[in-house]
Amino acid sequence: MTEKTALTPATHTTPPAKFSHGVKKGNILQVAGQVGFLPAEEGKAPTPAGPTLREQTLQTFANVKAILEEGGATWDDVMMMRVYLTDVDHFAEMNEIYNSYFEEQGLKAPASARTTVYVGLPKGLLIEIDALAVLS
């Protein structure tokens, strides 16, 4: 039986509760919901990338990507992503950012499946993303 391994890149703080930023078991890698916090700094509280949806979305992608890489995966291994937005009015802008980001990453077709829902997040946070990857 394959062991479950927790994944925490050096850029991430320790989670605020008993969960892992990412977990890998066999060829399955689940990235927990990530937000747009800047890379961790010793002795400093987590800080959002900026007040705009663009800044937070791009940082969130960087945080998800760091966990994927920690587990030996790439965006091309992602089967499913879930996007959580705090404001329904951000949907169109997020889609533009999302599409541009993955075009710049050179993502191979087909794209992963995706769900977008609207939620409450801690004050100042606008977006959260999780991902499920299957490695070859």
Side-chain angles (χ1 to χ4, degrees):
M1 213 183 247
T2 308
E3 267 189 52
K4 184 166 65 171
T5 305
L7 304 170
T8 302
T11 54
H12 287 56
T13 60
T14 301
K18 192 163 177 63
F19 68 88
S20 300
H21 285 292
V23 176
K24 183 177 177 184
K25 184 169 183 176
N27 67 336
I28 306 291
L29 191 163
Q30 176 66 56
V31 177
Q34 299 295 301
V35 295
F37 285 143
L38 294 168
E41 290 185 44
E42 185 72 33
K44 197 172 176 192
T47 307
T52 69
L53 181 65
R54 172 170 292 283
E55 291 167 305
Q56 287 193 24
T57 301
L58 294 175
Q59 185 61 52
T60 300
F61 282 141
N63 294 342
V64 171
K65 185 177 180 182
I67 296 166
L68 291 171
E69 290 174 348
E70 185 84 8
T74 69
W75 287 118
D76 286 314
D77 297 310
V78 174
M79 299 296 293
M80 177 67 182
M81 292 200 338
R82 282 166 292 272
V83 177
Y84 308 91
L85 293 172
T86 59
D87 187 337
V88 69
D89 292 334
H90 287 160
F91 186 75
E93 181 183 359
M94 185 276 300
N95 274 336
E96 289 175 20
I97 298 163
Y98 188 99
N99 290 339
S100 294
Y101 177 83
F102 286 110
E103 284 173 16
E104 291 169 11
Q105 296 296 306
L107 186 67
K108 298 174 190 168
S112 67
R114 189 187 97 194
T115 298
T116 303
V117 297
Y118 304 97
V119 300
L121 291 173
K123 186 176 173 141
L125 294 174
L126 305 173
I127 187 168
E128 182 174 351
I129 298 173
D130 71 37
L132 174 66
V134 179
L135 290 78
S136 318

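Index from 1, following the sequence. Every value quoted in this text rests on a predicted model; they were computed, and no experiment measured them.
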task: Please name the pair of heavy atoms, one in Lys25 and one in Lys4, separated by the smallest distance, quoted to 0.1 Å.
output: CB-CA, 4.3 Å
statement: CD of Glu93 to OG1 of Thr57, rounded to nearest 0.5 Å, is 7.5 Å
query: Which atoms form the tightest heavy-atom contact between Ser20 and Val23, and what is the distance?
result: CB-CG2, 3.7 Å
- prompt: Is it true that Phe19 and Leu68 fall in one hydrophobic cluster, defined by side-chain heavy atoms closer than 4.5 Å?
  reply: no
statement: Nearest heavy-atom contact between Trp75 and Phe61 is CZ2-O, 3.5 Å
Main-chain N/O of Ala131 paired to Gln30 side chain as donor or acceptor, under 3.5 Å: yes
message: Can you confirm whether Ile28 sits close enough to Leu132 that some side-chain heavy atom of one is under 4.5 Å from a side-chain heavy atom of the other?
response: yes
- prompt: Between Gln59, Glu128, His12, Lys65, which is the residue that forms a side-chain hydrogen bond (donor to acceptor under 3.5 Å, both in side chains) with Gln34?
  reply: His12
Residue pair Val31, Met81: steps toward the side chain to side chain contact (heavy atoms under 4.5 Å, CB included) verdict: CA-CA 9 Å; Val31 177; Met81 292 200 338; over 6 Å; no
message: Around atom CZ of Arg54, are there more than 12 heavy atoms from other residues, nucleotides or ligands closer than 6.0 Å?
response: no
message: Count I, L, V, M, F, W, Y as connected when their side-chain heavy atoms are under 4.5 Å apart, and connections chain through other members. Are Leu53 and Phe102 then in the same cluster?
response: yes
query: Hey, any chance Leu121 and Val64 share a hydrophobic cluster, counting ILVMFWY side chains that come within less than 4.5 Å of each other, even indirectly?
result: no
- prompt: Can you name the closest pair of heavy atoms from Pro51 and Leu126 and give their distance?
  reply: O-CD1, 3.4 Å
- prompt: Transitively linked via ILVMFWY side-chain contacts under 4.5 Å: Met80 with Leu29?
  reply: no
query: Going through the distances and angles, do Asn95 and Arg114 end up as a side chain to side chain contact (heavy atoms under 4.5 Å, CB included)?
result: CA-CA 11 Å; Asn95 274 336; Arg114 189 187 97 194; 2.7 Å; yes
- prompt: Is the side chain of His21 donor-acceptor paired with the backbone N or O of Thr13 at a distance under 3.5 Å, no angle test?
  reply: yes
message: Can you tell me how far apart CG (Asn27) and OG1 (Thr2) are? Round to the nearest 0.5 Å.
response: 8.5 Å
message: Distance check, rounded to the nearest 0.5 Å: Tyr118 atom OH versus Asp89 atom CG?
response: 8.5 Å
query: Should Met94 and Leu125 be counted in the same cluster of Ile, Leu, Val, Met, Phe, Trp and Tyr side chains packed under 4.5 Å apart?
result: no
- request: Check for a donor-acceptor pair, side chain of Gln56 on one end and backbone N or O of Gly50 on the other, with a separation under 3.5 Å.
  value: yes
statement: d(Thr116 OG1, His90 NE2) to nearest 0.5 Å is 13.5 Å
field: Result of checking Val119, Thr115, Ile127, Thr60 against Tyr84 for side chain to side chain contact (heavy atoms under 4.5 Å, CB included)
entry: Val119
query: Which atom pair, heavy atoms only, marks the closest approach of Leu7 to Ile67?
result: CD1-O, 4.1 Å
Other residues, nucleotides, ligands: >12 heavy atoms within 6.0 Å of Met79 CE: no
task: Measure from the side-chain N and O atoms of Asp77 to the backbone N and O of Ala133, and report whether any donor-acceptor pair falls under 3.5 Å.
output: no
- prompt: For the atom pair CG (Leu135) and CG (Asp76), what is the distance rounded to the nearest 0.5 Å?
  reply: 11.5 Å
message: Please evaluate residues Val35 and Asn63 with respect to the criterion side chain to side chain contact (heavy atoms under 4.5 Å, CB included), reporting the C-alpha separation (whole Å), side-chain torsions for both, the decisive distance (0.1 Å), and the verdict.
response: CA-CA 8 Å; Val35 295; Asn63 294 342; 5.8 Å; no
message: Ignoring hydrogens, what is the shortest heavy-atom contact between Ala32 and Asp130? Give both atom names and the distance.
response: C-CB, 3.8 Å
